[in-house]
Amino acid sequence: MTQHRMVRTAAQALVDQLVVQGVGHLFCVPGESYLSVLDALREAPIAVTVCRQEGGAAMMAEALGKATGRPGVCFVTRGPGAANAAPAVHIAQQDSTPLVLFVGQVERPFREREAFQELDCRAVFGSLTKWATEAEVAERIPEIVARAFATACAGRPGPVVIALPKDLLDESVAAADAPPCRPAESAPTPQDMATLGFMFAEAKRPLAVLGGSRWDEAGRSAMHRFAERFQLPIATSYRRLPLFDPLHPCYAGDLGLAANPRLVERGKAADLVLWVGGRMSEITTQGYSLFPIPGPGTRLVHVHPGAEELGRLFAPSLAIQATPGAFACALGDLVPPAPIPWVAETAQGHADYLAWSETPTPQPGAVNLGEVMVWLRDRLPKDAILCNGAGNYAAWIHRFMRFRRLGGHVAPTSASMGYGVPAAVAMQRLHPRRLVVSVNGDGDFLMNGQEFATAVQYGLPIIVLVADNASYGTIRMHQEREYPGRVSATDLLNPDFAAYARAFGGFGASVETTAEFPQAFEAAYASGRPSILHLKIDVEAISPATTLSQIRAAALRRAAAGAPTTPAEPVWAKSQ
Ligand SMILES: Cc1ncc(C[n+]2csc(CCOP(=O)(O)OP(=O)(O)O)c2C)c(N)n1
């Protein structure tokens, strides 16, 4: 560990502290408010990615935090920069991702005059973060940065925002570096595990649901070994697909948006639910419908590293405060019942998953996204990384892609649009040799498509798919369901995305039919350049299961029958 004790500027001490914390990459949009940090970064062993908009920069940092489990780091300027970065802070909060956002701030003597671009970061980010603060004493920079990292990683990870007054950064300090943060692992007690053992001995239809952050290879492998010994059906939660091998005979599918109805039934019928790592989110609990609140009417074992998550909504029969890895390792001591009563259920669960995900459904239009996903599924290298944002196009990813490695899918559980391109840039910066594919809707893509320029600037050969249905399709779907035939503010007139790619110096091609896709993808790959494939999708193809016309017709039938326009099934059930 470096133990700087000589006099240096606070900006230098800050950058030194990032190095101590093991930061190898950071993302930024420059600002005059933190010039001294930018200067100190010139000599630091940190790869700096300069971006085109803070929304993209901060999402890159969030994606890095999500993929590595170590805080992603982003620097932005005061008011406008910090405001632009807010979506990523929200993603980090909802997705339990460690993120440290540094915001250049006005000089201390000018504070609270509403000086140029001044922003009260504590107030603005207070409810979005685990800690939002402003440095006030230059000597305390190492302490504050170290605490930011510790806070971002502790228990349930999340975002931290630190404002850095410009004059403070320029001050000389004699403070020593703080030690690197090593987040505490919390483990189950022997009594927790004994109680869990009794519960399994009495169970007839158990189900495990894996989610959240703080997983690592060891924990994932231990969970696979446990599933095998107990023949336990395993589901993954929304956008945590890589936590379990989809081709493992215990895998039952993902409890996300548009989940397999047979898996939802299985969740509702389970007499023991082992919920590991994730919070009890709206999407994964299927709109809080899996169990009553606080109920939960079944034996629920909730395992989470954050004590405050346990019992927050559902009252678990057994609450275990533990990191998923430590918990999964402790499962090695449990002994399965003999015989195991649910073996046939587990086999059926996997058969249901395969039947649901194996074959693309027929679609209106010449490009079938299901067939595209299956082509990618069969051909992408095992260590490929797929990133996406939000939109109905993602339903084909969730249903047909198979992520066989931890970190193979990087997408926001907060379903924030505009994530797919920045996440891909971050992943390719981190893993220059892996194939990184970004899947986007047309609306989604243009929310942060400017970061394609960042991919070109750093020579990152990401392959970006834009599924263009000339619509904010998800919202159009909701409109057709609730206001049939009344399209309002959801149509889009799009540019030629292939030409867009070429204008930035990348490779671009249009895909008009499914049959053209393989050749276009291979040409993109062979170009070695950042690429965009513009996929022309029929807006009728609104989900793998239904069309816009079918949704509209059903809504009109309900209206004619005098039934409420809002259908019985929750609106989120079929979106994205
Ligand atoms: C930042 C953000 N703004 C708005 C929304 C609401 N929203 C969810 S999906 C969607 C439309 C997505 O359209 P597109 O990317 O074209 O994909 P499609 O649904 O057509 O496949 C919108 C506006 C959101 N999730 N995130």
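In listed order, ligands and their atoms are each counted from 1. Remember, predicted model here, so these are calculated numbers, not experimental data. Any value given below was found using the heavy atoms of this structure, including those in side chains, with hydrogens, waters and symmetry copies removed.
Residues Phe497 and Leu446 meet the side-chain proximity criterion, which asks for heavy atoms closer than 4.5 Å. The shortest distance between side-chain heavy atoms of Arg429 and Leu460 falls below 4.5 Å.
Pairs of residues two or more places apart, or lying in two chains, never qualify as side-chain hydrogen bond (donor to acceptor under 3.5 Å, both in side chains) while including a residue from residues 123-132.
Heavy-atom proximity to Tyr393, at under 4.0 Å, picks out these atoms of ligand 1: 17 (O), 21 (O). Counting atoms of ligand 1 from 1 in the listed order, those under 4.0 Å from a heavy atom of Gly473 are 13 (O), 18 (P), 19 (O), 20 (O).
At a 4.0 Å heavy-atom cut-off, ligand 1 touches Asn392 through backbone and side chain alike.
The shortest N/O to N/O separation between Tyr472 and ligand 1 does not fall below 3.5 Å. In terms of polar-atom proximity, Gly391 is not counted as a contact of ligand 1, lacking any N or O under 3.5 Å from an N or O of the ligand. By the 3.5 Å distance cut-off applied to N or O atoms, Gly443 is counted among the residues near ligand 1.
For Phe403 and Phe244, the gap between ring centers reaches or exceeds 6.0 Å. Taking the six-membered ring for Trp, Trp375 and Phe521 have ring centres closer than 6.0 Å.
For the 3.5 Å distance criterion, the side chains of Tyr34 and Gln105 fail to qualify, holding no donor opposite an acceptor.
The closest approach between a heavy atom of Ala415 and any atom of ligand 1 is below 4.0 Å. Assignment of Ser471 to the shell around ligand 1 is supported, since a heavy atom sits closer than 4.0 Å.
Of the listed options Arg476, Met417, Met477, Met417 places a heavy atom closest to atom 3 (N) of ligand 1.
Residues passing the side-chain hydrogen bond (donor to acceptor under 3.5 Å, both in side chains) test with Arg279, sequence neighbours excluded: none.
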